[in-house]
Amino acid sequence: MKKQLVLLDHDGGVDDYLATMLLLTMDHIELLGVVVTPADCYIQPSVSATRKIIDLMGFSQIPVAESTVRGINPFPRLYRRDSFIVDHLPILNQSEIINTPLVAETGQDFMVRVLRQASAPVTLMVTGPLTTVAVALEKAPEIEAKIQKIVWMGGALNVPGNVEKSLEPGQDGSAEWNVYWDAVSAAQVWKTQIEIIMCPLDLTNNVPVTSELVQKMGKQRQYPLSDLAGQCYALVIPQDYYFWDVLATAYLGHPEYYQLREWETEIITTGLSQGRTKVVAGGRKISAMDQVDKAAFYAYILQQFAR
């Protein structure tokens with residue numbers, strides 16, 4: 001069976017590392033590379049942790065690239081510091097050498113090159129802001145034809161956003177962080193003809209990370225991936241934490257677990273609703289993950305990390 005070509009663009013949050021791990025367990029996927037966008041992280045530890053995870057999983061031929069794009073509204077420092085913690089977890093520091101290569105070119109240039117050179121259309125799996133994608137498309141508009149689709153964790157369609165007004169006083173609470181970091185770039189991607197499949201907060205709000213699941217990870221910690229995943233989830237369990245990026249990424253493994261729904265939308269780029277993904281008649285058509293078989297999803301995660 002011909003493998004599906006995928007390029008991952010993540011932004012260094014705890015769930016981004018777990019999404020990377022999940023993607024690497026999918027036998028039908030050929031991962032062409034990983035771009036780290038400097039949004040929900042500090043970039044150096046995030047790049048380091050990503051390379052160590054790829055080493056741990058035995059895929060050190062897969063290159064990593066550091067994007068140098070910048071957003072408009074920075075993630076809170078409290079969120080971003082998790083990249084330092086993950087980079088220092090003992091299981092990722094059993095060797096003094098990192099074999100997974102960090103390419104010399106920027107993440108946006110790497111994305112352009114990978115798409116140009118790809119033998120077939122590529123799925124972009126994006127679990128952070130769309131800024132690196134927007135910059136790559138601006139640099140080389142012809143790569144749009146090489147993008148099969150974008151599967152993206154982002155947006156909130158018919159539920160409140162997760163940008164809290166107490167943290168961001170100039171916001172009305174309607175924005176989701178991956179849009180809010182750089183709504184202008186998201187709007188640029190919305191202008192393309194690329195198929196977009198969103199995993200919005202509307203769905204992720206219903207799929208929390210639970211103590212029960214973390215304990216099940218612990219029971220299979222003899223597997224290095226479960227051990228690492230359990231440590232990562234233990235780090236975030238005191239807060240309200242959901243399967244954001246992992247839920248979006250699992251779609252590539254089992255799309256039949258999900259129901260999609262089409263919406264007409266626009267990205268709000270200014271004012272109090274900056275970063276809102278608004279449902280509007282006549283707007284840009286996207287597909288959103290609307291429902292998921294939760295039991296099958298949870299079982300899939302446990303199964304994939306038991307290796």
Side-chain angles (χ1 to χ4, degrees), residues 9-17 19 35-47 66-86 106-108 111 124 126-138 150 152-192 196 198-202 204-205 236 239-242 244-245 248 265-280 283-284 286 288:
D9 177 2
H10 80 65
D11 73 330
V14 171
D15 51 339
D16 294 273
Y17 304 120
V35 176
V36 184
T37 292
D40 191 13
C41 66
Y42 289 96
I43 191 63
Q44 274 72 37
S46 182
V47 168
E66 178 187 325
S67 174
T68 58
V69 301
R70 290 292 178 267
I72 297 166
N73 300 299
F75 274 81
R77 291 179 182 179
L78 192 62
Y79 297 3
R80 295 159 65 202
R81 72 176 187 180
D82 287 342
S83 53
F84 281 103
I85 297 172
V86 174
T106 66
Q108 53 270 37
M111 184 175 286
L124 294 185
V126 184
T127 59
L130 287 167
T131 310
T132 300
V133 178
V135 171
L137 286 163
E138 192 173 25
I150 297 173
W152 181 46
M153 192 281 121
L157 297 170
N158 298 293
V159 297
N162 58 4
V163 178
E164 299 171 28
K165 288 187 280 187
S166 58
L167 289 174
E168 298 287 322
Q171 226 286 327
D172 64 7
S174 65
E176 183 276 328
W177 265 106
N178 283 343
V179 191
Y180 184 64
W181 193 73
D182 181 6
V184 173
S185 286
Q188 283 179 253
V189 175
W190 247 236
K191 291 176 185 174
T192 69
I196 296 173
M198 279 175 52
C199 183
L201 296 185
D202 308 52
T204 63
N205 285 349
V236 298
Q239 54 195 283
D240 288 333
Y241 209 85
Y242 298 88
W244 295 297
D245 300 343
T265 61
E266 68 176 356
I267 304 290
I268 307 298
T269 59
T270 59
L272 288 175
S273 298
Q274 177 190 170
R276 180 180 178 186
T277 312
K278 189 177 182 181
V279 175
V280 291
R284 207 273 200 202
I286 57 94

*Is there a donor-acceptor pair under 3.5 Å between the side chain of Glu176 and the backbone N or O of Val179?*
yes
*Taking all heavy atoms of Met111 and all of Val133, pick out the closest pair and write down the distance.*
SD-CA, 3.9 Å
Identify each donor-acceptor pair in which a side-chain atom of residues 153-166 lies under 3.5 Å from a protein atom, sequence neighbours left out, and give them as a table.
from   : atom 1 : to     : atom 2 : distance (Å)
Asn162 : OD1    : Trp177 : N      : 2.9

_For the OG1 atom of Thr68 and the CD1 atom of Ile43, what is their distance to the nearest 0.5 Å?_
9.5 Å
*asked:* Is a donor from one side chain sitting under 3.5 angstrom from an acceptor on the other, for Gln274 and Asp172?
replied: no
*May I ask you to test the His10-Asp245 pair for a side-chain heavy-atom distance under 4.5 Å?*
no
_If I take atom OG from residue Ser185 and atom CG from residue Leu137, how far apart are they, to the nearest 0.5 angstrom?_
10.0 Å
*Check against side chain to side chain contact (heavy atoms under 4.5 Å, CB included), Glu66 and Thr106*: CA-CA 6 Å; Glu66 178 187 325; Thr106 66; over 6 Å; no
_Under a 3.5 Å distance rule, please check whether Gln171 uses its side chain to pair with a backbone N or O of Ser174 as donor and acceptor._
yes
*asked:* Looking at every non-hydrogen atom in both residues, tell me the closest pair between Ala187 and Thr269 and how far apart they are.
replied: CB-CG2, 3.7 Å
*asked:* The test is ring-ring contact (aromatic ring centres under 6.0 Å, His included); show your working for Trp152 and Trp244 and say whether it passes.
replied: CA-CA 10 Å; Trp152 181 46; Trp244 295 297; over 10 Å; no
*asked:* For Phe75 and Trp181, take the angle between the two ring planes, folded into 0 to 90°, and tell me which bin it lands in: parallel under 30, tilted 30 to 60, perpendicular over 60.
replied: tilted
_Nearest non-hydrogen partners of Cys41 and Arg80, listed with the distance_ = O-NE, 3.2 Å
*Counting only N and O atoms by type, is there a donor-acceptor contact under 3.5 Å from the side chain of Ser83 to the main-chain atoms of Tyr42?*
yes
*Could you please spell out the steps behind the side chain to side chain contact (heavy atoms under 4.5 Å, CB included) verdict for Leu130 and Trp190?*
CA-CA 10 Å; Leu130 287 167; Trp190 247 236; 4.0 Å; yes
_Could you check whether any side-chain N or O of Thr265 sits under 3.5 Å from a backbone N or O of Arg284, counting only pairs where one atom can act as donor and the other as acceptor?_
yes
*Is the backbone of Asp40 close enough, under 3.5 Å, to the side chain of Asp11 for a donor and an acceptor to pair up by distance?*
yes
*Using the test side chain to side chain contact (heavy atoms under 4.5 Å, CB included), find all partners of Glu266 that sit at least two apart in sequence or belong to another chain.*
Ile268, Lys278, Val280
*Of all heavy-atom pairs between Ala134 and Gln188, which one has the smallest distance, and what is that distance?*
CB-CB, 4.4 Å
*State, yes or no, whether a side-chain contact exists between Pro38 and Ser67 at a heavy-atom distance under 4.5 Å.*
yes
*Euclidean distance, Gln108 CD relative to Thr132 OG1, rounded to 0.5 Å*: 6.0 Å
*Is a side-chain donor or acceptor of Tyr17 paired with a backbone partner of Gly12 at a separation under 3.5 angstrom?*
yes
*Nearest heavy atoms of Gly170 and Leu272, plus distance in Å*: O-CD2, 3.5 Å
*Thr127, Asp9, Asp182, Asn178 screened by side-chain hydrogen bond (donor to acceptor under 3.5 Å, both in side chains) with Thr37, the one that passes*: Asp9
*Closest heavy-atom contact between Thr204 and Tyr242?*
O-CD2, 3.3 Å
